[in-house]
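Counting starts at 1 for both ligands and their atoms, following the listed order. Count residues from 1 along the sequence. Every value quoted in this text rests on a predicted model; they were computed, and no experiment measured them.
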Amino acid sequence: MEKVIIIRYAEIHLKGKNRGYFERVFAVNLERALKGIRHELHRTSGRYLIAAFDEGRTEEILSKIARVFGVHSYSLGYLTGGELDEIYDACLLVAPRRGTFKVESHRAYKNYPLTSMQISAEIGARLLQAFPLKVDVHSPEHTVYVDVRTAHEALVFCSFEPGPGGMPVDTSGKGLLLLSGGIDSPVAGYMMAKRGMSVELLHFHSYPYTNDGAKEKVKELAALLAAYSISPVLTTINVAHIQEAIHSKCAPELNVTLLRRFMVRLAERVAKRKGAQCLITGESLGQVASQTIEGITSSNAVATLPILRPLIGFDKDEIILHAKKMGTFDISIQPFEDCCTVFLPDFPAIKPKLSFVEEEEGKLDVEALLQEAMESEETFTL
Ligand code: ATP
Ligand code: MG
């Protein structure tokens, strides 16, 4: 008998012929999450098992597994041989000492000499003799699970913890997340990583209009996102001179709209170099002036890569709930100025017409501004 953490995976089983590939990437991600912690990772039929792990760090291991996309659920339990006596010995270790309970058995190995019902009845009867327990098959306080995997292997455990679901990161291409210091963009990155996308990070600042506090905040967000297999490498670009140029030459109501188009162009340059196939933003329809369909049209007009906006249909409240669950909310609400707020006009255009946007942008030397911005590029590994 061996103490193990049982990991069940989510959508991977749906992927037919690609299953082997998905499982390999999933295993790599689990290994990466547990790097530096003693453990062995094994695959049994349809499950991953973590064995021979540092038991003093069990909680830490479980919290890391809880953030690996593709994990459907996980349990702390035992791997035993197939004999009923061995299974019972493990049940003795996980079973409650009092209260109501039931035993729920499952056989992946259908030639096992006992049926699931017989296993449950036999183990249940023995546990009733061992402890002052009561059986309640309808709404027990505790459930002891017995899962017979093969002729020689069974899993015994007492709880199911839900995993984050989704698909293993690195199975759905690569995207570049435009990470501001706000609430939304970290959530957008999380959502794409959850769908298996490998996510890289880009932040625009407006030094000296924005300060180091703003940058530190974004680094803090990036470090937290890394726990969800998002890239720990953050690229930053200074756009202060672009904001100054827009401010001095163009219609003030287009400040944000025009800056967005520069952000898209700069992001594409970084994305192409990093091999990213799309951009990701935290935009949500109607949330602010630049996030109208007209604003989106104006940004898309300068894009050659797809721009994914996973939060487009979400209310702010829904996004906040997500951010709280991920742990980014408290960092995001620290009051540091984002570059977008620096030159915020009193009345930003809500429905900017593309022809007007292009006309105003025509007053700028776009390419020179882009090149100057690219020269400010910095990279941080969190
Ligand atoms: P967030 O909470 O993500 O900052 P927001 O509601 O403040 O979003 P905007 O400031 O309009 O909305 O930004 C919309 C999106 O544009 C952001 O979600 C982000 O993807 C991108 N973006 C905005 N500012 C920056 C920035 N300084 N650096 C990188 N990306 C940015
Ligand atoms: Mg913002």
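Between the side chains of S298 and K353, no donor-acceptor pair of N or O atoms lies under 3.5 Å. A donor atom on one side chain and an acceptor atom on the other are not found under 3.5 Å apart for E122 and Q118. H152 and E83 share no donor-acceptor pair across their side chains, judged by distance under 3.5 Å alone.
Within ligand 1, the atoms closer than 4.0 Å to a non-hydrogen atom of G182 are 1 (P), 2 (O), 4 (O), numbered from 1 in the order shown. Ligand-side atoms of ligand 1 in range of C339: 27 (N), range being under 4.0 angstrom from any heavy atom.
Annotation: Y207, atom OH; neighbour count of heavy atoms from other residues, nucleotides and ligands within 6.0 Å does not exceed 12. Annotation for K316: atom NZ counts as buried by contact number, over 12 foreign heavy atoms lying within 6.0 Å.
When non-hydrogen atoms are compared, ligand 1 lies under 4.0 Å from neither the backbone nor the side chain of H205. Within the 4.0 Å heavy-atom criterion, the part of L202 lying near ligand 1 is the backbone and not the side chain. Of all the heavy atoms of L177, none lies under 4.0 Å from any atom of ligand 1, so neither backbone nor side chain is involved.
Nearest residue to atom 13 (O) of ligand 1 from H203, E283, R260 is R260 (criterion: closest heavy atom). Distances from atom 12 (O) of ligand 1 to the heavy atoms of M263, Q287, Q291 show the closest one on Q291.
Protein heavy atoms are absent from the space less than 4.0 angstrom from atom 7 (O) of ligand 1.
Remark: of the listed residues T235, I230, I280, I230 is the sole one forming a side-chain contact (heavy atoms from CB on, under 4.5 Å) with L201.
Here's the thing with L178: one of its N/O atoms is less than 3.5 angstrom from an N/O atom of ligand 1.
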